[in-house]
2 protein chains.
Amino acid sequence: MSGSEPLIGVFDSGVGGLTVVAALRQRLPAASILYLGDTARLPYGTKSRRTVLRYSQANVDFLQRRGVDALVVACNTASAMALEDLDVRTPHWGVLEPGASAAVAAAGRHVGVIATESTVRSAAYEHAIRRLNPELRVSQRACPLLVPLVEEGWEDDEITERIVARYLAPLLEAEIDTLLLGCTHYPLLRGVLARVCGPGVTLVDSAESTSLAVEHRLRRAGRGGGSAPRAPSVRLFATDAGSRFARLAERILGEPAPLEWIDVNQAETT
Amino acid sequence: MSGSEPLIGVFDSGVGGLTVVAALRQRLPAASILYLGDTARLPYGTKSRRTVLRYSQANVDFLQRRGVDALVVACNTASAMALEDLDVRTPHWGVLEPGASAAVAAAGRHVGVIATESTVRSAAYEHAIRRLNPELRVSQRACPLLVPLVEEGWEDDEITERIVARYLAPLLEAEIDTLLLGCTHYPLLRGVLARVCGPGVTLVDSAESTSLAVEHRLRRAGRGGGSAPRAPSVRLFATDAGSRFARLAERILGEPAPLEWIDVNQAETT
């Protein structure tokens, strides 16, 4: 790391957190980013708190060993279930609080939240939104098929639109005015979500608001780096060497980035 | 274990392998069964060979420590990618060879195989079928959304039927006469698959043929146990304590069974 250019570590269970990396690249073009996708153990969204915490700590340790000076938990499940119990030595963010703040700023009276099963079960978004504005009504809906649909590459597809319509029906009937996309994969479904919701519902995602929070903090600390774009400096790590990851990563980032297979937990292999 | 009643260990990445347990319960009602679902690390179907082998060996070790005298790898991905490299001390079976044999027995000229991405990539079914009958034509199709659809409980649903129709279209256009369900979750989609395929296509699953192979071997060794049903003796273990597992397990087994949360790899937690 040279001068004041920060090294930011980002992890997610898979490829979805790259939507946060794409947003960070826009806001902090001089920052270097190490991204870890724990693809060997994804998805986190159907797993227990204990398991998600154990996996998340291993990811944090991996990134800290590589000297990151800021860390983003770009996985909603891990943000909801593990963030407060993680042992992290640098400034760090989940995607939950920034997402909740953005939803509160956009909301009229009723916020809908869509997320994975575990995130919904934790009710973490509901609590975060109500802490910021206890007047708001919050309705949640678990949408476990949306991540596999994105990973299948069916983001803009009429079957996906019908599944989204089914998931959202109770929220739309209850007249939500804002929809918080509580999973980092979901920004890739923005087109379908907007069509199903219609113009009366504002879509909010955490990728944008999280990257804004990181930018503010780093610039305040004089660590924002230059504003001029320089050579791309995103490095990707995945715990499993599937071919999907590279394919989806380039689609999300809009640029190629070197990808390396790593084992975050050597103990597991012995 | 008392007398000649065998203790059979069965593992899968999740709940799908219980279709094999249900078939074993029919054929060997006096056998005791230990079932391990590696739900903390599912799905295997999108992961690499190295990772699948590592996870599978941990599952085998767990079941062997509990004294099983026969072992079934009831996960098609693990059967395809890991079976031959596993260190197992008891008679053991994957679901691949039995499934391939059943398909060859049922086939006319052209067998379609549906499976997860990893199983299809390994081409293991194609090779197993061609070893048994080199004349047969074999066409494969990866169907990554079918497992999440089953886990969502949408087994008999018109959206699932449309997704199945899309996946099967190239196979049906190529006039398959037999369809091998190359994933232990898929027998739960039998109704939808039969409607999409129509009467001209025979559906074959490995659960049935695998349980037959186990029965033959155990009876030959005088270890088939009595034929009279006795009190249910299935014990379930899962590596993650999600609530889904219990719900789906009872639906597949048609009987309740005690479920315990375990960690197959203590090393990982230290």
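A note on names: the letters A, B, ... follow the listed sequences, proteins ahead of strands, and every chain is numbered from 1.
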Between atom CZ of A:F237 and atom CZ of A:R66, what is the distance when rounded to the nearest 0.5 Å? 4.0 Å
Roughly how far apart are B:C183 SG and B:D12 CG, rounded to 0.5 Å? 7.5 Å
Tell me if a side-chain donor or acceptor on [X] pairs with a main-chain N or O of [Y] at a distance below 3.5 Å.
X: B:T19; Y: B:T184; result: yes
X: B:N76; Y: B:G182; result: yes
X: A:S122; Y: A:M81; result: no
X: B:S48; Y: A:D240; result: no
X: B:T239; Y: B:T39; result: yes

Heavy-atom pairs under 4.5 Å with chain A are the metric here; pick the option from B:A40, B:P43, B:S118 that has the most. B:A40
Leading residue by heavy atom contact count with chain B [cutoff under 4.5 Å; candidates A:R166, A:Q57, A:E151]: A:R166
Does any heavy atom of chain A fall under 4.5 Å from the side chain of B:D38, the backbone, both, or neither of them? neither
At a 4.5 Å cut-off on heavy atoms, which part of B:R49 comes close to chain A: side chain, backbone, both, or neither? neither
Heavy-atom neighbours of A:E84 CD exceed 12 at 6.0 Å: no
Taking only heavy atoms into account, what residues of residues 138-147 of chain A are found under 4.5 Å from chain B? A:P144, A:L145
